[in-house]
Enquirer: 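Right, I'll just put the structure down here and ask away after.
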Amino acid sequence: MNQVASRPGLRDIVVEETLAHAPEIVWKALTTGALIGRWLMEPKGFEPVEGKEFTFQTTPAGEWDGVIRCRVLQVVPNESIAYAWKGGHPGNVGYGSPLDTVVTWTLAKTEGGTRLRLVHAGFVTPTNDSALKSMGEGWKKVVPGIGAIAQTLH
């Protein structure tokens, strides 16, 4: 299931995928810095520890340096991890506009695998419409790729 959910003034990206791997394997793919670099971007300073701050570097735009600043908000091993995802600059419109969101990954054991759910929440419309569109498309490609990475971990 892939969708864009909405709350008053805010929109969320939701992507679900069932992977043919145990939650422990999927968890490793989600929480190991070098593996995250294979399915998304190489994080700097990431550890699955509440309060830990880390960054991703993406393409700069306008006055934004392209740094995505994150902080781990919640960790339940093999079940869920959530982190703040902030970036952008007030001087930008469209790509690179200010973004203050939360990414939550939830894992649920299923017969023969794991149901993986991503919720990237808190896109303010219309300010974040560009990010919502591009990241909505991006997450649809990224989430299935986690299964391919997990396949290499057996």
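The residues of the chain are indexed from 1 along the displayed sequence.
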Enquirer: Are Phe54 and Trp64 joined in one hydrophobic group, where the rule is that I, L, V, M, F, W and Y side chains link up if heavy atoms are under 4.5 Å apart?
Expert: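 Yes; Trp64 is reachable from Phe54 via cluster members.
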Enquirer: Find the distance between OG1 (Thr127) and CG (Asp100) and round it off to the nearest 0.5 Å.
Expert: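 Between atom OG1 of Thr127 and atom CG of Asp100 there are 12.0 Å.
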Enquirer: Verify side chain to side chain contact (heavy atoms under 4.5 Å, CB included) between Trp85 and Met135, making sure each step is shown before the conclusion.
Expert: CA-CA 12 Å; Trp85 177 290; Met135 296 178 88; 3.5 Å; yes
Enquirer: Drop me the distance from Leu153's CG to His21's NE2, to the nearest 0.5 angstrom.
Expert: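 Rounded to the nearest 0.5 Å, the CG-NE2 separation comes to 8.5 Å.
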Enquirer: In the structure I gave you, are the side-chain heavy atoms of Leu107 and Asn78 within less than 4.5 Å of one another anywhere?
Expert: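 Result no, sub-4.5 Å side-chain heavy-atom pair not found.
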Enquirer: Backbone N or O of Ala29 within a donor-acceptor pair of the Trp39 side chain at under 3.5 Å?
Expert: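 Side chain of Trp39 to backbone of Ala29, a donor-acceptor pair under 3.5 Å: yes, one is there.
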Enquirer: How close do Val72 and Val49 get, counting heavy atoms only, and between which atoms?
Expert: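 Distance-wise, the nearest heavy atoms are CB-O, 3.2 Å.
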Enquirer: Between Thr114 and Thr18, is there a side-chain heavy-atom distance shorter than 4.5 Å?
Expert: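 Side-chain contact under 4.5 Å: no.
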Enquirer: According to a 4.5 Å side-chain heavy-atom criterion applied to Ile, Leu, Val, Met, Phe, Trp and Tyr, with indirect links allowed, do Val142 and Tyr95 form part of one hydrophobic cluster?
Expert: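 In one cluster with Val142: Tyr95, yes.
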Enquirer: What heavy-atom pair brings Ile146 and Trp105 nearest, and what distance separates the two atoms?
Expert: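 Looking at all heavy atoms of both residues, the shortest contact is CD1-CH2, 3.6 Å.
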Enquirer: Check whether Val14 and Leu73 end up in the same hydrophobic cluster, where Ile, Leu, Val, Met, Phe, Trp and Tyr are linked by side-chain heavy atoms less than 4.5 Å apart.
Expert: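 Val14 does not cluster with Leu73.
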Enquirer: In Å, rounded to the nearest 0.5 Å, how long is the span from CG of Asn128 to OG of Ser97?
Expert: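 Output value for this atom pair is 5.0 Å.
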Enquirer: Is any side-chain heavy atom of Lys28 closer than 4.5 Å to a side-chain heavy atom of Leu35?
Expert: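 Side chain of Lys28 against side chain of Leu35, heavy atoms only: contact under 4.5 Å found.
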Enquirer: May I have the step-by-step check of side chain to side chain contact (heavy atoms under 4.5 Å, CB included) for Lys86 and Arg71, ending in yes or no?
Expert: CA-CA 9 Å; Lys86 298 180 181 184; Arg71 184 169 53 85; 5.9 Å; no
Enquirer: Are Asp65 and Pro60 close enough that some pair of their side-chain heavy atoms sits under 4.5 Å apart?
Expert: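 No, side chains not in contact.
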Enquirer: Check whether any side-chain heavy atom of Tyr83 lies under 4.5 Å from a side-chain heavy atom of Thr104, and answer yes or no.
Expert: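 Counting from C-beta outward, Tyr83 and Thr104 never come under 4.5 Å.
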Enquirer: Could you report the tightest heavy-atom contact between Trp27 and Pro77, atom names first, then the distance?
Expert: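 The pair with the smallest heavy-atom distance is CZ2-CA, 3.6 Å.
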Enquirer: Atom CG of Leu99 and atom CZ of Arg69: how far apart are they, to the nearest 0.5 Å?
Expert: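 Rounded to the nearest 0.5 Å, the CG-CZ separation comes to 12.5 Å.
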Enquirer: Taking it one step at a time, do Trp139 and Leu40 satisfy side chain to side chain contact (heavy atoms under 4.5 Å, CB included)?
Expert: CA-CA 9 Å; Trp139 284 125; Leu40 184 64; 4.0 Å; yes
Enquirer: Any donor and acceptor pair, going by atom type alone, linking the side chain of Glu50 with main-chain N or O of Gln74 inside 3.5 Å?
Expert: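 Pair absent, no side-chain N/O of Glu50 close to backbone of Gln74.
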Enquirer: Parallel, tilted or perpendicular: which describes the rings of Phe123 and His120, with under 30° parallel and over 60° perpendicular?
Expert: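 Phe123 vs His120 ring planes: tilted.
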Enquirer: Passes side chain to side chain contact (heavy atoms under 4.5 Å, CB included), Leu30 versus Leu116? Steps please.
Expert: CA-CA 10 Å; Leu30 286 175; Leu116 179 62; 3.8 Å; yes
Enquirer: Locate the shortest heavy-atom distance separating Gly37 from Pro43; write the atom from each residue and the value.
Expert: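 Closest pair (atom of Gly37, atom of Pro43, distance): N-CD, 4.1 Å.
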Enquirer: Using modelled atom types only, decide if a donor and an acceptor are shared between the side chain of Glu47 and the backbone of Glu53 within a distance under 3.5 Å.
Expert: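 Flag not set: sc Glu47 to bb Glu53 has no pair under 3.5 Å.
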Enquirer: Please say yes or no: joined through hydrophobic side-chain contacts below 4.5 Å, possibly via intermediate residues, are Val103 and Val75 part of one cluster?
Expert: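 Same cluster.
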Enquirer: What are the two closest heavy atoms between Ile68 and Met41, and how far apart are they?
Expert: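 Taking every non-hydrogen atom into account, CD1-CE, 3.8 Å.
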Enquirer: Distance-only, no hydrogens or angles: does the Asn92 side chain make a donor-acceptor pair with backbone N or O of Pro98 under 3.5 Å?
Expert: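 Not a single qualifying donor-acceptor pair exists.
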Enquirer: Could you check Glu17, Glu79, Glu16 and say which one makes a salt bridge (charged side-chain N to carboxylate O under 4.0 Å, His left out) with Arg117?
Expert: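 Only one option passes, and that is Glu16.
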Enquirer: Are Arg38 and Thr152 close enough that some pair of their side-chain heavy atoms sits under 4.5 Å apart?
Expert: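 In short, these two side chains touch, coming nearer than 4.5 Å.
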Enquirer: For Ile81 and Phe46, which heavy atoms make the closest approach, and how far apart are they?
Expert: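 Minimum heavy-atom separation between Ile81 and Phe46: CD1-CZ, 4.0 Å.
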